[in-house]
Asks: 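Handing you this structure, nothing more for now.
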Amino acid sequence: MATSFTNDPYERARAGLKHLLDRDHDRIGVSGRSLVYDHGRRTPRAAVLFHGLSASPTQFAAVAEALYARGYNVLVPRLPRHGYEDRMSDALSRLTAAQLRASATESFELARGLGEHVTVVGFSLGGLLAAYLAQHEPVDCVVAVAPFLGIVLVPSLFRRPLTFWALRTRNRFAWWDPFLRDRQLPAHGYPRYSTHAVAHALTIANDLLEAARADSPRARRIVLVTNARETAINNRAVNRLLQRWRKKKPEAVHAHRFDDLPLSHDIIEPLRHPDISQRVLRVLVELIDR
């Protein structure tokens with residue numbers, strides 16, 4: 001009986017999910033916790049959704065519910081150092097590239113037990129993690145939305161020096177909105193970001209772009225999604241990754257650009273830009289489910 005239980009991929013995933021959910025200790029806010037949408041059995045398709053920097057799994061709740069209605073088992077993990085009830089927490093200053101990589105890989109492995117075919121989706125920092133898995137893991141499908149591969153208006157030439165400099169100086173916190181400051185919505189995310197957290201994300205981006213120059217991505221299908229009127233991430237860096245992947249695996253790599261959205265970065269969060277997120281939701285679910 002024990003052997004049969006251990007060898008069942010779905011039951012192994014359920015055990016792993018319990019450990020993941022147990023990490024949401026009492027300092028994690030109710031709306032900051034990992035989300036699981038489970039049909040109670042292994043389904044043909046499963047999805048992992050990675051939220052953005054300083055956000056929480058709630059950011060992807062609408063997408064998760066739409067996929068669950070289509071028969072997916074869905075995991076929306078809380079990324080390390082995120083989701084604290086105290087929105088002014090300094091937890092992000094202790095976030096590392098190693099923690100992010102480990103969280104992404106663990107979530108993918110859990111999803112492999114939840115479904116026969118796995119789709120990984122991410123936005124911004126989460127989009128970077130989705131792209132990281134596309135390069136290194138045999139994912140069936142990856143949809144990376146506005147992946148954080150660089151900072152808008154910062155030339156690629158300065159990306160690596162900027163990363164090194166940021167990690168060698170004292171961490172600082174900056175407001176996402178200097179006018180609203182701690183009144184910025186949504187309440188389930190932090191109103192500030194950490195310079196060290198950004199630098200650790202750039203470390204992953206730098207390594208990914210180098211890996212893509214040398215090796216083919218392992219994912220079977222990849223879609224890179226961008227907003228033509230992006231205000232935060234560097235679309236040129238995303239295009240550079242796209243071109244490197246297409247040279248290695250042209251039949252597997254696709255691009256989708258939103259040309260009709262206003263100036264914005266956060267095109268996922270319904271509590272910040274409900275009109276934008278609803279327009280994106282319909283397209284995104286189709287891109288995932290195609």
Asks: Can you sort out the partners of R112 under salt bridge (charged side-chain N to carboxylate O under 4.0 Å, His left out), two or more places apart, ordered by chain and number?
Replies: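 Salt bridge (charged side-chain N to carboxylate O under 4.0 Å, His left out) check on R112 returns E109.
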Asks: Membership question, hydrophobic clusters at under 4.5 Å side-chain separation (ILVMFWY): are I28 and F60 in the same one?
Replies: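 F60 does not cluster with I28.
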Asks: The test is salt bridge (Lys or Arg N to Asp or Glu O under 4.0 Å); show your working for D8 and R42 and say whether it passes.
Replies: CA-CA 10 Å; D8 184 285; R42 195 176 192 221; over 6 Å; no
Asks: Please assess Q135 against W245 for the test side chain to side chain donor-acceptor pair (under 3.5 Å), listing each intermediate value before the final yes or no.
Replies: CA-CA 9 Å; Q135 180 68 36; W245 275 346; 2.6 Å; yes
Asks: Please check this pair: side chain of R172 against backbone of R170, looking for a donor-acceptor N/O pair closer than 3.5 Å.
Replies: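 Here the side-chain-to-backbone pair exists.
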Asks: Of all the heavy-atom pairs spanning L79 and H51, show the shortest one and how long it is.
Replies: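 Looking at all heavy atoms of both residues, the shortest contact is N-NE2, 3.1 Å.
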Asks: Between R181 and D177, is there a salt bridge with N-O shorter than 4.0 Å?
Replies: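 Result for this pair is no, no salt bridge flagged.
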Asks: Would you please say whether a donor-acceptor pair under 3.5 Å links the side chains of S194 and N171?
Replies: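 Yes - a donor-acceptor pair under 3.5 Å links their side chains.
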Asks: Between L67 and V63, does a side-chain contact (heavy atoms from CB on, under 4.5 Å) hold up when you go through it step by step?
Replies: CA-CA 6 Å; L67 293 176; V63 178; 4.2 Å; yes
Asks: Counting only heavy atoms not in R257 (residues, nucleotides, ligands), do more than 12 fall under 6.0 Å from its CZ?
Replies: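 For R257, atom CZ is not crowded (no more than 12 foreign heavy atoms under 6.0 Å).
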Asks: Quick check: closest heavy atoms across A255 and R246, and the distance to 0.1 Å?
Replies: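 Looking at all heavy atoms of both residues, the shortest contact is N-NH2, 3.8 Å.
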Asks: Taking R45 as the fixed residue, which of D289, V118, N73 is the one that meets the side-chain contact (heavy atoms from CB on, under 4.5 Å) rule?
Replies: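 So, applying the side-chain contact (heavy atoms from CB on, under 4.5 Å) to R45 and each of D289, V118, N73, only D289 qualifies.
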Asks: Hey, does the side chain of S103 reach the backbone of L100 with a donor-acceptor pair shorter than 3.5 angstrom?
Replies: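 No, because the side chain of S103 does not come within donor-acceptor range (under 3.5 Å) of the backbone of L100.
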Asks: Ignoring hydrogens and angles, tell me if any N or O in the side chain of R33 forms a donor-acceptor pair with the backbone of L21 under 3.5 Å.
Replies: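 Pair absent, no side-chain N/O of R33 close to backbone of L21.
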Asks: Sequence neighbours left out, what pairs pass side chain to side chain donor-acceptor pair (under 3.5 Å) with at least one residue falling in residues 225-235?
Replies: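 Qualifying pairs: E230-H265.
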Asks: Are any side-chain N or O atoms of E269 and backbone N or O atoms of L271, one a donor and one an acceptor, separated by less than 3.5 Å?
Replies: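 Here the side-chain-to-backbone pair exists.
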Asks: Would you check if T43 and L114 make a side-chain contact, meaning some heavy-atom pair closer than 4.5 Å?
Replies: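 T43 vs L114: side chains apart.
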Asks: Determine whether H200 and T96 make a side-chain contact, defined as any pair of heavy atoms from C-beta on separated by less than 4.5 Å.
Replies: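 In contact.
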Asks: Side chains of residues 213-220: which donor-acceptor partners sit under 3.5 Å, not counting sequence neighbours?
Replies:
{"residue": "R213", "atom": "NH2", "partner": "E210", "partner atom": "OE2", "Å": "3.4"}
{"residue": "R218", "atom": "NH1", "partner": "H136", "partner atom": "O", "Å": "3.1"}
{"residue": "R220", "atom": "NH1", "partner": "D140", "partner atom": "OD1", "Å": "2.9"}

Asks: Can you measure from NE2 (H273) to CG (L185) and round to the nearest 0.5 angstrom?
Replies: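 Going from the NE2 atom of H273 to the CG atom of L185 covers 11.0 Å.
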Asks: Looking at R244 and A212, would you say the former's side chain and the latter's main chain have a donor-acceptor pair under 3.5 Å?
Replies: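 It does not hold such a pair.
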Asks: Could you state the interatomic distance from CZ (R192) to OG (S93), rounded to the nearest 0.5 Å?
Replies: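 R192 atom CZ to S93 atom OG measures 9.0 Å (nearest 0.5 Å).
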Asks: Please check if F50 and V198 belong to a single hydrophobic cluster, counting links between Ile, Leu, Val, Met, Phe, Trp and Tyr side chain heavy atoms closer than 4.5 Å.
Replies: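 Yes, same cluster.
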Asks: Please say which of I267, L129, L284, L49 ends up in a side-chain contact (heavy atoms from CB on, under 4.5 Å) with F123.
Replies: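 The passing option is I267.
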Asks: What are the two closest heavy atoms between A130 and G122, and how far apart are they?
Replies: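 That closest heavy-atom pairing would be CB-N, 3.9 Å.
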Asks: Does T169 offer a backbone N or O that forms a donor-acceptor pair with the side chain of H196 under 3.5 Å?
Replies: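 Yes.
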Asks: If I compare all heavy atoms of A237 with all of L209, which pair ends up nearest, and what's the gap?
Replies: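 The answer is O-CD2, 4.1 Å.
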Asks: Say you draw a straight line from OH of Y132 to CG of L149; how long is it, rounded to the nearest 0.5 Å?
Replies: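 Output value for this atom pair is 14.5 Å.
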Asks: Using every non-hydrogen atom in the two residues, find where P147 and L224 come nearest and quote the distance to one decimal.
Replies: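 What the structure gives for the nearest pair is CG-CD2, 4.4 Å.
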Asks: Is the side chain of T163 donor-acceptor paired with the backbone N or O of R159 at a distance under 3.5 Å, no angle test?
Replies: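 Between the backbone of R159 and the side chain of T163 there is a qualifying donor-acceptor contact (under 3.5 Å).
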Asks: Can you measure from CG (L287) to OG1 (T119) and round to the nearest 0.5 angstrom?
Replies: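 Between atom CG of L287 and atom OG1 of T119 there are 11.0 Å.
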Asks: According to ring-ring contact (aromatic ring centres under 6.0 Å, His included), who are the partners of Y84, at least two apart in sequence or on a separate chain?
Replies: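 Counting only residues at least two positions away or on another chain, Y84 forms a ring-ring contact (aromatic ring centres under 6.0 Å, His included) with H25.
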Asks: What residues form a ring-ring contact (aromatic ring centres under 6.0 Å, His included) with H188, not counting sequence neighbours?
Replies: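 Not a single residue meets the ring-ring contact (aromatic ring centres under 6.0 Å, His included) criterion with H188.
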Asks: Would you compute the distance between atom CG of L162 and atom CH2 of W165 and round it to the nearest 0.5 angstrom?
Replies: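 Going from CG on L162 over to CH2 on W165, the span is 7.0 Å.
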Asks: Would you say the side-chain atoms of S56 pair up with the backbone N or O of S31, donor to acceptor, closer than 3.5 Å?
Replies: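 Yes: the side chain of S56 pairs with the backbone of S31.
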Asks: So, for A91 and S89, which heavy atoms are closest and what is the spacing to 0.1 Å?
Replies: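 Minimum heavy-atom contact is N-OG, 3.0 Å.
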Asks: Measure the shortest side-chain to side-chain distance between V48 and V121 over non-hydrogen atoms and say whether it is less than 4.5 angstrom.
Replies: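 No - every pair of side-chain heavy atoms lies 4.5 Å or more apart.
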Asks: For R183 and F179, indicate whether the former's side chain and the latter's backbone hold a donor-acceptor pair under 3.5 Å.
Replies: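 Yes, R183 side chain to F179 backbone: donor-acceptor pair under 3.5 Å.
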Asks: Report yes if the side chains of L180 and W175 come closer than 4.5 Å at any heavy-atom pair, otherwise no.
Replies: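 No - every pair of side-chain heavy atoms lies 4.5 Å or more apart.
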Asks: Can you tell whether the side chains of E106 and R23 come within less than 4.0 Å, N to carboxylate O?
Replies: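 Yes, this pair counts.
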Asks: Check whether any side-chain heavy atom of R101 sits under 4.5 Å from a side-chain heavy atom of T203, and report yes or no.
Replies: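 In short, these two side chains touch, coming nearer than 4.5 Å.
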Asks: Between H39 and Y72, is the ring-ring contact (aromatic ring centres under 6.0 Å, His included) condition met? List the steps.
Replies: CA-CA 8 Å; H39 287 278; Y72 287 72; 9.1 Å; no
Asks: I want to check something: taking the side chain as every heavy atom from C-beta on, are R78 and P57 in contact at a cut-off of under 4.5 Å?
Replies: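 The answer is yes; the side chains approach within 4.5 Å.
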Asks: For a 4.5 angstrom cut-off between non-hydrogen side-chain atoms, does V253 reach K248?
Replies: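 No, side chains not in contact.
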Asks: Can you tell me how far apart CZ (R81) and CG (L53) are? Round to the nearest 0.5 Å.
Replies: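 Between atom CZ of R81 and atom CG of L53 there are 13.5 Å.
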Asks: Tell me whether R70 at atom CZ has more than 12 heavy atoms from other residues, nucleotides or ligands lying less than 6.0 Å away.
Replies: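 Enclosed.
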Asks: Passes salt bridge (Lys or Arg N to Asp or Glu O under 4.0 Å), D38 versus R14? Steps please.
Replies: CA-CA 10 Å; D38 182 9; R14 293 270 294 183; 2.5 Å; yes
Asks: Any cation-pi pair here, R87 with Y190, using under 6.0 Å and within 45°?
Replies: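 No cation-pi geometry.
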Asks: When you measure from the side chain of Y68 to the backbone of Y37, do you find a donor-acceptor pair of N or O atoms at a distance under 3.5 Å?
Replies: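 Checked: no pair found.
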Asks: So, using salt bridge (charged side-chain N to carboxylate O under 4.0 Å, His left out) as the criterion, who are the partners of D182 when residues are at least two apart?
Replies: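 In terms of salt bridge (charged side-chain N to carboxylate O under 4.0 Å, His left out), with neighbours along the sequence ignored, D182 is linked to no residue.
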Asks: How about V283 and F258: do any of their side-chain heavy atoms sit closer than 4.5 Å?
Replies: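 V283 vs F258: side chains touch.
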